[in-house]
Amino acid sequence: MFRTYKEGKWHYVTARDRIFRVCQSAGQLEFQGVDREFLTSYFALDEPYPHILAEINRDSFINEAIRKYRGMRIVRQDAWECLISFLCSSAANIPKIKTNIEGMSQFFGKEICAFGAEGYAFPNPGTIDDYDKIVQAKTGFRAKYIQAVNDAVDEAFLASLKKMPYPEAKKALKCLPGVGDKIADCVLLFSLGFTGAFPVDTWMKKILRKWYFNNEDVSEQQLQDFGMKYFGKYAGYAQQFLFMAARESP
DNA sequence: AGACAGGGGTAGG
DNA sequence: CCTACCCCTGTC
């Protein structure tokens with residue numbers, strides 16, 4: 001998610017240890033570097049999109065957001081890379097997160113290339129094992145979290161989350177240092193296929209209070225509960241549409 | 001120019 | 001509930 005760029009007609013994506021590129025035109029998706037199965041999973045193209053949109057379209061606010069941003073997808077990123085990326089996201093912005101991820105990939109990842117594009121794979125769990133280098137990747141106060149999570153997490157743990165019900169999976173993630181409600185929900189939604197997760201960040205707080213609570217003081221927990229109940233099984237999609245709308249309007 | 005607040009959040013007081 | 005956390009950017 002934080003490792004994409006566009007050059008000419010192609011969108012280049014580095015996902016864990018592979019580089020692929022996609023381009024969309026006239027309703028057709030062209031792709032190189034990965035097979036169809038990978039792409040279908042990565043962009044969650046196996047989800048019933050029209051049904052999802054109908055399901056979350058509960059009012060005129062979200063209806064307008066859907067109209068504007070129809071086509072937006074929610075990726076199923078590699079869970080490990082997603083977890084570390086969102087650990088970097090606290091009190092940060094997107095360029096900063098990109099710098100962190102790129103830095104750690106250069107320090108700990110192996111070189112990869114495809115279509116003349118060169119880069120570094122995102123390092124495996126257990127291999128982000130040098131605190132000084134984590135700091136050198138400009139991660140700041142997040143470095144200690146990254147180190148601890150690197151030591152605590154393996155692929156088996158991440159795979160096990162997929163089989164759990166939402167509340168348990170979230171609880172397990174929140175046991176990790178540096179992972180609270182928001183980051184846990186982002187990992188669940190953007191990598192583990194929990195479409196009902198509803199991450200509440202500052203943008204969501206603003207827009208939800210404005211549109212659904214008459215600008216009253218509402219706790220984060222209340223906003224989160226509201227989002228999940230009101231939008232249902234695909235609340236995560238609603239979250240993304242509202243998020244886009246929130247970021248655009250002043 | 002140089003200080004200063006605040007950022008897609010969390011842990012600890 | 002409120003602040004420190006590291007560091008970069010936008011603003012006065």
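Heavy-atom basis, side chains included; hydrogens, waters and symmetry copies ignored.
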- Message: For A/Tyr49, does the six-membered ring have the charged nitrogen or CZ of A/Arg73 within the cation-pi criterion, i.e. under 6.0 angstrom from the centroid and within 45° of the normal?
- Response: yes
- Item | Ranges pairing with ranges for DNA chain C, where each run has three or more Watson-Crick or G-U pairs under 3.5 Å | B:2-7 with C:7-12, B:9-13 with C:1-5
- Flag the pair A/Glu30 and A/Lys9 as a salt bridge only when some basic side-chain nitrogen lies within less than 4.0 angstrom of an acidic carboxylate oxygen. yes
- For DNA chain C, determine which residues of residues 131-153 of chain A have any heavy atom closer than 4.0 angstrom to one of its atoms, and list them numerically. A/Lys138, A/Gly140, A/Phe141, A/Arg142
- Task: Find the distance A/Lys96:NZ to C/dC6:P and express it as a whole number of Å.
- Result: 11 Å
- A/Arg16 and A/Asn124: side-chain donor and acceptor closer than 3.5 Å? yes
- When you compare C/dT3 with B/dA5, how far apart are their P atoms, in angstrom units rounded to a whole number? 13 Å
- When you match A/Lys174 and A/Ala92 each to their closest nucleotide on DNA chain B, which lands nearer the 5' end? A/Ala92
- Task: Scan A/Leu176 against the nucleic acid and name what it touches under 4.0 Å (heavy atoms): base, sugar-phosphate only, or nothing.
- Result: sugar-phosphate
- Query: Any link between A/Phe43 and A/Trp10 through a network of hydrophobic side chains (Ile, Leu, Val, Met, Phe, Trp, Tyr) touching at under 4.5 Å?
  - Reply: no
- Contact nearer the 5' end of DNA chain B, comparing A/Lys206 with A/Glu220: A/Lys206
- Check every nucleotide of DNA chain B for an atom under 4.0 Å from a heavy-atom of chain A, then give the first and the last such nucleotide from 5' to 3'. B/dG7 to B/dA11
- Are A/Asp151 and A/Gln147 linked by a side-chain donor-acceptor pair shorter than 3.5 Å? no
- Query: Taking the six-membered ring of A/Phe38 as reference, does the NZ or CZ atom of A/Arg18 fall below 6.0 Å from its centre and within a 45° cone about the axis?
  - Reply: yes
- Return yes if some donor-acceptor pair links the side-chain N/O of A/Ser219 with the main-chain N/O of A/Gln222 below 3.5 Å, else return no. yes
- Task: Take the protein atom CD1 of A/Ile183 and the nucleotide atom C1' of C/dC5, then report the distance between them rounded to whole Å.
- Result: 13 Å
- Item | Check: A/Thr139 main-chain N/O paired with A/Arg142 side-chain donor or acceptor under 3.5 Å | yes
- Query: Between A/Gln221 and A/Asp181, is any side-chain donor less than 3.5 angstrom from a side-chain acceptor?
  - Reply: no
- Spacing of the P atoms in C/dT11 and B/dG8 (rounded, Å): 14 Å
- Query: Should the pair A/Glu216-A/Lys210 be classified as a salt bridge under the 4.0 Å nitrogen-to-oxygen rule?
  - Reply: no
- Sticking with atom P, work out how far B/dC4 lies from C/dA4, rounded to a whole angstrom. 15 Å
- Message: Any donor-acceptor pair under 3.5 Å linking the side-chain atoms of A/Asp185 with those of A/Tyr166?
- Response: yes
- Gap in Å between the two P atoms, one belonging to C/dC6 and one to B/dG13, rounded: 15 Å
- Give one of base, sugar-phosphate or nothing for A/Phe243, where a contact means two heavy atoms less than 4.0 Å apart. base
